Each structure stands twice: as structure tokens, then as C-alpha cells.
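First up is the structure itself, then whatever we jot down about it.
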Amino acid sequence: MDYPLQLTVNGVAVKRIVEPQIRLLDFLREDLGLTGSKEGCGTGDCGACTVLIDDEPHHSCLTLAVEAEGAAVTTVEGLVTDDKLNEVQSAFVSAGATQCGICTPGFVVMATAYLRDNPNPTDDELRMGVAGNLCRCTGYDTIMTALHSVIDGKVELIEVAPEPQELVPEPEGEL
Amino acid sequence: MAKVVERPQEKTALRVANKPVSRIDGVENVTGATKFGADFSLPGMLWGAILRSPHAHARIRNIEYAKALEAPGVVTVATAADFAEDVVEPTSRPHNVFAGDFALFLGEPVAAIAAVTKEDAEAALELIEVDYEPLPHVLDPEDAMKPDAPAIRHGDGGDIDRTEMSFHSSVASSAEDLDESGNVSSQVQFSRGDIEEGLAEADVVKEGRFTAAMVHQTYLEPHAALAHYTPSGDMKMWVTSQGQFYVRDTVARLLKLPAHKVIVQGTAIGGGFGGKMTLLAPIPAILSKKARRPVKVVWSRSEELVAANPAPYSVIDVKIGAKRDGTLTALQGRVIMDTGAYPGSPMSTATMLLGSCYVFPNMELEGFEVLTNKVSVGAYRAPGAPNSAHAVENVMNWVAQALGMDPVEFRLRNAIKEGDRWPNGQPLPDVGGVEVLEAIKNHQVWNTPLEQGSNGKPRGRGMAIGCWSGGAGGSAATIKLEADGSFSVLVGTINLTGSTTSIAQVAAEELRVPLEYVSVHQGDTNEAPYGPVAGGSQVTYTVSLSAAAAAHEVLRQMKGIAAQRLGADVDDIEFDDGKMWAQGDPERYVTYRRISDEAVGSTNGPIIGTGHGKPARGNPGFAGTIADVEVDTETGLVTILNLVGVQDAGFAINPLSVEGQIQGGTIQGVGYALLEEIVYDEDGSVRNPGLLDYRLPTAADVPNVDTVIVEKHNPYGWKGTRIVGEPSIVPPGAAITSAISDALGIPLHNMPLTPERIVMALRDARSNGRSNGEPTS
């Protein structure tokens with residue numbers, strides 16, 4: 001049986017007919033082409049598929065699309081505002097907290113929500129707060145560095161696709 | 001930031017190399033824009049699903065799939081019959097896409113279906129009727145070596161293809177394979193001097209038997225591949241793999257297509273660590289060739305944990321003798337490595353590496369690769385080396401303790417140096433083993449006594465070193481000067497570790513422009529010059545040479561045009577910051593932009609240069625770990641208090657990236673030491689095929705890694721560069737297990753030291769009434 005689904009994804013109203021057993025992750029990736037959310041396990045153990053549903057982090061692999069009826073869903077693609085990365089994204093880039101990048105979308109979505117609710121965690125609290133997001137490349141060092149720089153308010157927001165700078169002016173006149 | 005030691009003088013003039021640079025693909029990663037294997041789709045695309053053997057060992061009498069073909073959405077089915085001429089059991093895994101007459105492990109692919117939706121494909125799998133005759137199976141390699149064990153090889157065996165293992169190590173194992181029989185698929189021996197004499201002249205001899213579990217690389221991106229066999233006979237593929245040319249060659253061979261008609265684009269790769277080569281790619285390729293439509297296959301996590309190519313379980317015996325003054329006299333070792341259902345384990349490398357860090361005048365090493373009815377193993381970051389180091393380094397610490405010597409001083413006295421020989425007889429170039437040990441000796445953590453905590457939980461300290469030979473493959477790179485004076489670099493290697501950023505740094509350094517003026521593009525196998533597999537830590541090591549050579553060729557052409565324009569001699573042209581001038585007259589310059597314009601209209605034509613590179617030889621990388629731990633003796637839970645990772649990078653092109661490699665490899669070593677193990681049931685099924693029960697280190701399990709980058713110049717690398725990716729995973733398992741031994745006062749022999757194993761080891765030690773004796777756990 002098909003289900004008429006209405007929700008908002010990254011600020012855009014979406015109306016689709018879906019099968020009720022379709023996972024939110026597949027709806028986002030296959031139906032909407034938002035492939036930023038990743039499937040690392042499909043069982044809620046790795047966190048790579050984390051999205052915000054009405055501002056709360058959820059595993060989109062364990063959520064049916066129809067459960068998001070009427071909700072506002074934010075994926076990693078929706079974190080950029082005014083052509084600037086958000087604080088967590090910017091900190092990840094600057095600290096070298098993204099290596100292969102497959103865990104990064106889920107990690108930045110989770111950390112964005114966690115730090116919004118817990119702006120001043122201890123290192124232990126922070127580590128526990130993001131322990132549901134696995135990363136195999138970094139050993140978490142640079143991720144912790146990035147998140148601490150957010151907590152300390154030391155992040156410079158990074159512009160997406162900045163204008164190129166001219167390297168060297170042409171000399172006056174002909175040579 | 002990492003502490004960097006041993007800085008040569010010439011570095012002061014560097015522009016972007018040897019400076020920490022965040023990954024140039026970082027913004028793509030954090031916005032979800034990076035496209036990984038599963039993110040590619042095509043119009044009209046089918047989905048593939050794989051039918052796997054439910055038996056650990058069975059004869060396949062017949063496969064009947066007519067009913068499956070009639071199921072909704074199903075377009076085609078593929079089996080071993082589609083590769084009939086290539087199925088020779090057992091050669092290596094890449095030759096056996098599907099089980100042929102025999103299924104050799106539970107989870108081995110038997111057939112695959114392509115259908116309109118993934119659900120259609122999966123639903124139709126159960127309509128394939130396979131007539132299995134279950135056969136006796138064996139899961140433990142020591143059982144498999146017994147004369148009455150079930151034979152895993154059928155027929156004459158055929159030639160064993162060891163291509164994949166050779167990517168990871170440029171070191172030849174010179175010992176001949178001996179006496180292949182039964183389930184022992186390969187043997188090696190290395191000997192030197194007289195082992196009996198060596199042991200006789202020792203004042204202290206220590207020995208132990210060590211096991212390391214089968215662990216999975218656990219790249220967080222499962223295997224994925226999309227294939228499109230076009231009407232013109234091109235096989236276009238998008239594959240997450242560490243080596244797109246290796247995928248191309250494998251698919252071309254299996255499907256009998258010319259290499260240039262198999263066009264593979266390696267996608268962004270969500271981790272590989274040695275485990276992502278060609279396992280999956282031939283399946284969507286054959287399905288697409290049969291269906292004449294694009295086919296995508298994406299593995300689930302449980303398929304990964306059951307049927308990919310994990311790192312091997314091993315049993316290693318090591319006996320080491322030393323004189324009272326700390327001079328080593330003898331090393332005896334035996335490696336039994338469980339290769340699973342197909343040959344191709346890193347057994348010979350692991351055996352040789354037993355004698356890779358120290359000078360042993362007398363040595364006897366032997367290794368056995370043993371077939372079992374488990375998934376066949378593959379490479380995992382310094383394949384086999386963590387297993388070896390676990391055994392040797394723990395015994396080294398016991399010998400040091402028995403001699404009353406500091407373990408670092410004991411190692412320094414015997415450390416292998418330039419000109420010393422590895423067990424295979426190969427003399428070493430100037431390696432950084434001594435420098436790594438010195439860095440440990442001078443480290444603040446090592447020089448601060450470990451105090452016992454107030455909670456009653458015992459604490460201990462351990463250290464270990466290890467090394468990895470690494471690869472040194474040939475590569476080429478192409479650089480173009482673009483219209484505005486910027487440059488584009490074309491390579492055929494996969495950006496596994498951030499190598500793209502390092503290559504951009506090399507090009508920018510040589511061309512003397514800011515990093516923003518260089519972009520690096522990974523072309524497909526028809527566009528890009530050849531590059532080796534991203535394995536053996538070799539990509540940055542070799543492509544830095546070819547990219548520098550390409551830059552030199554581009555500069556040569558540019559100087560010719562600048563010289564003409566300036567009326568100067570070509571040898572007098574100097575350049576920096578996007579401009580060229582004649583020596584002594586920097587005010588009168590031509591810009592790179594102008595040179596590009598001129599070149600297009602000149603007889604030179606557009607400026608493009610290709611460079612070739614291959615390091616003259618591999619040069620092993622050394623790493624060391626210090627670990628401080630606290631053990632809860634009631635629950636067996638280990639808390640790591642301090643973790644120091646030291647590594648010789650030769651010349652760190654991007655220290656941020658090198659540091660990230662050391663941290664990541666060290667924490668993977670924590671997984672080996674404490675957490676990770678693929679557990680088999682008696683029927684040959686994997687008991688923990690998910691990430692809840694196959695437990696990776698989380699952020700809450702580990703401390704920060706205090707990294708030290710040592711830079712011992714390597715004459716064969718660009719500006720002294722050495723291999724980087726792998727060595728850091730080698731010593732942590734040994735250092736952590738040694739630290740736990742130190743805390744508990746009992747020798748420990750098995751990785752991972754899960755809470756259960758620690759509690760059992762303590763119970764055994766108590767019941768045996770000894771706290772520091774022979775093997776217990």
C-alpha cells in the first residue's frame with residue numbers, strides 16, 4: 001500500500017508517494033538523491049546515517065520514511081547556511097578531522113546537535129556524547145580537537161567555493 | 001600538533017611541503033558532497049544481490065535458477081558457469097568469483113541476481129535451488145594440519161596467484177615453498193647461523209606461544225560497485241577500491257575483455273586498509289554483461305563481516321636468547337597462519353618480520369599457511385606485522401626484565417641498522433629503528449614514572465616497536481599548465497589516505513605556486529596514467545616522485561618560452577610565485593598566465609608534462625608505541641591512560657596527514673589489542689556479524705594519541721619521504737598487551753585481551769599459584 005508523505009527536507013517542502021516499509025535513509029538517498037547520509041551498518045551501530053528530525057538526531061537507517069511525516073528533516077547537505085560551513089563542519093576541515101570522509105556526514109550532524117544541547121561538556125562527556133558515531137580512520141583525535149575548538153569558540157567559519165585570488169599581476173606594457 | 005624531531009637544514013626554503021595542510025577534499029567531505037561507491041547510479045540501473053553458501057564446506061551438485069528468472073523484476077542470474085574456464089580450485093580468491101564445484105566457506109558467493117529493485121533481487125535469491133552435499137569442515141588451523149583433517153583443496157590445486165599480497169610489500173621472501181601437501185598451502189623457512197649454539201650461549205632464554213584473532217579492516221563504507229556494459233562493448237565501472245587498475249585488469253581477465261574496454265573510475269573510498277581490492281567488482285560486471293543494463297551491488301555490513309577478506313588468525317611461537325650484557329644470541333620462531341578457504345595470507349611476510357627489528361646472529365624461522373573452511377583472508381594495514389610484533393615484542397620485554405635491563409636500552413643495543421640483513425638476506429638501507437627508539441627514550445611519558453592510582457586498580461606500562469617493508473611501485477603523473485597560470489595534475493591512484501593533498505603539495509612546491517593554484521584529479525583507467533594500488537603505503541612514496549618529475553618537465557617547457565620572450569638563456573631562467581625572469585632581473589618577468597597563452601600559439605603547443613617515478617627501492621618504516629593502562633581486575637576492563645605513537649616518516653610532506661595516520665593506525669592497534677575478533681560457531685558461521693558485537697573502538701574507549709614524527713632522511717624518496725600509512729598499526733597491540741602484563745604481573749599471550757580473557761587469565765594464574773610463570777591465558 002502506498003502512503004502519501006509530506007515533510008520538509010533541508011527547508012524544502014517535499015510531497016511524495018512512498019511505500020510504507022521504505023527507510024528514511026533510502027528515501028533520502030534514492031528518492032531525493034541526497035546521498036550525503038551514509039549506510040555503514042544498517043543496524044544503528046555506526047552513526048553514519050544520522051540526520052536531524054525536528055532538530056533531534058536519529059539513525060535514518062532505523063527510521064521509516066513515514067515516521068517523518070510532517071517533520072522537518074535536516075541532513076548533512078542542509079548544514080551550510082549563507083555559503084558558509086557551520087561551526088562543526090568548519091572545525092572538522094581545519095583540524096583534519098575528516099580522513100576518508102564516510103563517517104563525516106553523520107558525525108558532523110550528531111556533533112552539531114550534541115553541542116547545541118551541551119555547549120560546555122567535559123572531554124569525557126563529549127566522548128560519550130559522540131560514542132555512537134564510529135570512525136575508523138582518525139582514532140578520534142582530530143575529531144576531538146575539532147569539537148573542542150567549537151566549545152572554545154575558536155572556529156573560523158569556512159566559505160564554500162570562495163572566489164579565486166589572482167596570483168600575480170601582469171606587468172605593465174609589452175616585454 | 002605532533003612533535004617533529006630530526007629536521008634537516010634545507011627545509012627552511014620550503015613553500016608548502018612539510019607544512020600541515022588540511023585535506024583539499026575536506027569541504028566536500030563535511031558537506032556530504034563526496035561521492036563514494038554506493039552513491040553512483042545510472043538510468044535504467046538494476047540492483048544485484050548475492051546468494052551465499054549456508055555450509056562451511058559442501059559439494060555443489062547442481063544449481064537450478066529457472067524459477068528465479070521468472071520472479072518479478074529479475075533480469076538475469078550469474079554463477080560460476082559464467083567464469084567456467086577460470087575456476088580452478090583453489091587458487092586465490094580473485095580467481096573464484098563464485099563457488100564452483102565446492103563451497104569452501106560459509107558465506108561464499110554461489111550465484112547473483114540482477115533485478116529492477118534491490119528488494120526484487122533479494123526476494124528471488126531463495127528461488128535459486130542449490131543441491132549441496134555437505135562435507136566435513138575444519139575451522140582451526142592446527143586441527144587442519146592434522147593428517148586426518150578434511151581436505152579443503154580439491155583437484156590438483158593449480159597455480160596459486162599471490163598478486164594481491166605483493167602489492168603490500170616490496171620485499172621478496174626468498175625461501176622456496178617447501179613440501180606443499182594437505183591443508184598447508186605454503187611454507188617458508190629462514191635460517192642463519194646455528195640456532196642450537198645461539199640458544200646455548202644465551203644467559204637468558206624466554207619463550208611464548210601467542211595468538212592474534214581474525215579481525216576485520218572495518219572500513220565504514222561497505223564494498224560497492226556499479227557496472228555498465230554498453231552496446232559498444234565498453235565495460236564502464238564505478239568502484240570503491242584501493243586500485244582501479246587492478247580492478248580493471250581483474251575484470252578484463254575474468255570477462256575476457258581488452259583492458260582498454262574496461263574503464264574503471266575508482267570512486268572516493270570510505271576506508272580500505274588493505275581490504276578493498278577486487279572482491280566485488282566482477283559480480284556487477286558479469287551481471288551487466290548478461291543483462292546489457294547497468295547493475296549496482298552494495299554489500300551489507302553482515303556480508304562484510306562474514307564474507308569479505310579479514311586479517312588472519314595466527315598462532316606464533318617465539319623463543320629469544322640473550323647474553324647477560326644484553327646482546328641477542330638467538331631467535332627461534334614458528335608461524336601458523338590461518339588463511340581461510342583460499343591461499344594468499346601474509347604468512348611469509350609475518351614469518352620474516354619476526355626477525356626484522358633486531359640483529360640476531362642465530363635464527364631459525366618457519367611459517368605455515370594453513371587452509372581452513374573460514375572466509376579467506378586478505379591484507380589489513382601492514383598485513384601480518386601486528387601478529388609478529390605481538391609475539392616478538394612481548395618476549396623481548398620478558399628478556400629485558402629477566403636481564404634487569406631497561407627495555408628501550410635492550411632494544412637499542414640490538415637494533416637493526418643500515419647494512420644489517422633481514423631474515424631473507426636482504427641488506428637494509430638506512431632505516432629509522434634507532435631514531436624511533438631514541439624518540440621513545442626521550443619522551444616525557446617514558447621518563448615519568450607510572451604511579452599507581454588510588455582506586456586499587458593496578459596500572460602497567462608497556463612499549464614496543466615494529467616495522468613494515470612497504471611497497472615501491474611505479475607510477476606516472478601528468479601536469480597541465482592552464483590558461484590562467486594554474487595547474488592541474490592527473491593521477492591514476494586512489495586518494496585513500498589524503499595522498500591527493502600531499503601530491504598537490506609536491507606539485508605546488510616544485511612549481512612554486514600557492515596550493516590553491518594546483519588541483520589534483522583522479523582520472524579513470526583510460527584517462528589517467530597508471531598508478532599502483534593504494535597499498536603498501538606506497539602512493540605518496542611513488543607519486544611524489546612522478547608528480548615532481550612531471551613538474552620538472554612542465555617547467556622545462558615553460559622556461560623555453562620564457563627565455564624566448566625575455567631574450568635570455570634558458571639556463572638563466574628563475575621562477576617563483578607564478579612568474580619567470582632572467583637571473584639578476586626579477587623586475588622584468590613573464591607570468592605563468594602569459595607563458596600559457598604563448599605556448600598555445602607557439603610551436604611547443606599547450607604545456608603538458610608527464611613524469612614517471614618509482615622509488616629505487618622500498619625502505620621500511622619503523623614505529624613505536626608506549627602504552628600506560630589501568631586494569632579493573634574484577635571486570636577485566638582495561639582503561640588506556642597514555643598512548644604515545646612514534647613513527648619515522650622520512651620527510652613528512654603533510655605533517656597533519658602523517659599525524660592522522662599515526663593516530664588512526666595506533667587506535668586500530670587498540671582494536672587488535674582489546675576489542676576486535678571475528679568469532680566462529682562450530683558450524684562455520686560468524687557469531688558476531690554486526691558492529692554491535694564486532695566491537696570497534698569508540699571515542700569513549702580511547703585517549704588521544706601523543707604523536708611524534710621522526711624524520712630520518714630516505715635517499716629513495718622525494719626530499720626524503722618514506723612510507724607512512726602502515727607502520728603505526730604494528731606495535732600498539734604488543735605495547736598494550738605488555739602493559740597489561742606489567743599491571744597484572746602475569747604473562748599474557750592472546751589478542752584481543754577482552755575483559756573475559758583477562759578475568760580468565762587472572763583466575764588461571766591464581767589457581768596455578770603463580771604470578772609470573774609460563775603461558776596462562
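Naming: A, B, ... by sequence-line order, numbering from 1 per chain. If you're wondering where the values come from, they're calculated on a predicted model, not measured in any experiment.
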Heavy-atom count check: over 12 atoms from other residues, nucleotides or ligands less than 6.0 Å from Met128(A) CE? no
Over all atoms of both residues, closest heavy-atom pair of Cys46(A) and Leu691(B): CB-CD1, 4.0 Å
Under 4.5 Å from any heavy atom of chain B - which part of Met144(A): side chain
If you measure from CG on Asp45(A) to CZ on Arg301(B), what distance do you get to the nearest 0.5 Å? 10.0 Å
Looking only at heavy atoms, the pair that brings Pro171(A) and Tyr589(B) closest together is CG-O, 3.5 Å
Any idea which heavy atoms bring Gly40(A) and Pro222(B) closest together, and the distance? O-CG, 4.0 Å
State whether the number of non-hydrogen atoms from other residues, nucleotides or ligands found under 6.0 Å of Glu156(A) atom CD is greater than 12. no
With chain B as the partner chain, list the residues of residues 97-119 of chain A whose heavy atoms fall under 4.5 Å from it, by residue number, and write 'none' if nothing qualifies. Thr98(A), Gln99(A), Cys100(A), Gly101(A), Ile102(A), Cys103(A), Thr104(A), Pro105(A), Val108(A)
Test item: Gln663(B) side-chain N/O and Gly139(A) main-chain N/O as donor-acceptor pair under 3.5 Å: no
When rounded to the nearest 0.5 angstrom, what distance separates CZ in Arg127(A) from CG in Asp701(B)? 9.5 Å
Test side-chain contact (heavy atoms from CB on, under 4.5 Å) applied to Leu220(B) and Leu134(A), step by step: CA-CA 8 Å; Leu220(B) 279 187; Leu134(A) 298 175; 3.9 Å; yes
Answer with side chain, backbone, both or neither: which region of Tyr592(B) has an atom nearer than 4.5 Å to a non-hydrogen atom of chain A? neither
Check whether more than 12 heavy atoms from other residues, nucleotides or ligands sit under 6.0 Å from atom CG of Asp82(A), and answer yes or no. no
If I measure from the heavy atoms of chain B, does Val80(A) come under 4.5 Å with its side chain, its backbone, both, or neither? side chain
Please give me the minimum heavy-atom distance between Glu77(A) and Gly32(B), naming the atom from each residue. OE2-O, 4.4 Å
Among Thr34(B), Asn495(B), Val670(B), Val705(B), which has the most heavy-atom pairs under 4.5 Å with chain A? Val705(B)
Pair Glu221(B) + Lys38(A): basic N to acidic O under 4.0 Å: no
Search all heavy atoms of Thr591(B) against all heavy atoms of Val168(A) and return the closest pair with its distance. CG2-CG1, 4.0 Å
Examine whether an atom of Ile667(B) lies under 4.5 Å from a heavy atom of chain A, and if so say whether it belongs to the side chain, the backbone or both; otherwise answer neither. side chain
Side chain, backbone, both or neither of Glu39(A) within contact of chain B (heavy atoms, under 4.5 Å): backbone
Return the option, out of Ser37(A), Gly132(A), Ala131(A), Ala48(A), with the maximum number of heavy-atom pairs under 4.5 Å with chain B. Ala131(A)
Ile143(A) side, atom CD1; Asn704(B) side, atom CG - distance, nearest 0.5 Å: 11.0 Å
Look up atom OG1 in Thr31(B) and atom CG in Leu79(A), then write down how far apart they are to the nearest 0.5 Å. 9.5 Å
As an exercise, state the distance from CD of Glu170(A) to CG of Asp597(B), rounded to the nearest 0.5 Å. 8.0 Å
Stepwise side-chain contact (heavy atoms from CB on, under 4.5 Å) check, Phe92(A) with Asn29(B): CA-CA 9 Å; Phe92(A) 262 59; Asn29(B) 282 357; over 6 Å; no
Below 4.5 Å from any heavy atom of chain A, which atoms of Ala38(B) appear? Answer side chain, backbone, both or neither. both
Tell me, side chain or backbone of Ala161(A) under 4.5 Å from chain B's heavy atoms, or both, or neither? neither
Top of Asp123(A), Val160(A), Leu85(A), Val76(A) for chain B proximity - count of heavy-atom pairs under 4.5 angstrom: Val76(A)
Please test Leu692(B) against Thr43(A) for side-chain contact (heavy atoms from CB on, under 4.5 Å), starting from the C-alpha separation and ending with a verdict. CA-CA 8 Å; Leu692(B) 188 62; Thr43(A) 50; over 6 Å; no
Scored by heavy-atom pairs under 4.5 Å with chain A, the best of Lys118(B), Gln217(B), Glu28(B), Glu119(B) is Gln217(B)
Would you compute the distance between atom OG of Ser94(A) and atom CG of Leu656(B) and round it to the nearest 0.5 angstrom? 10.0 Å
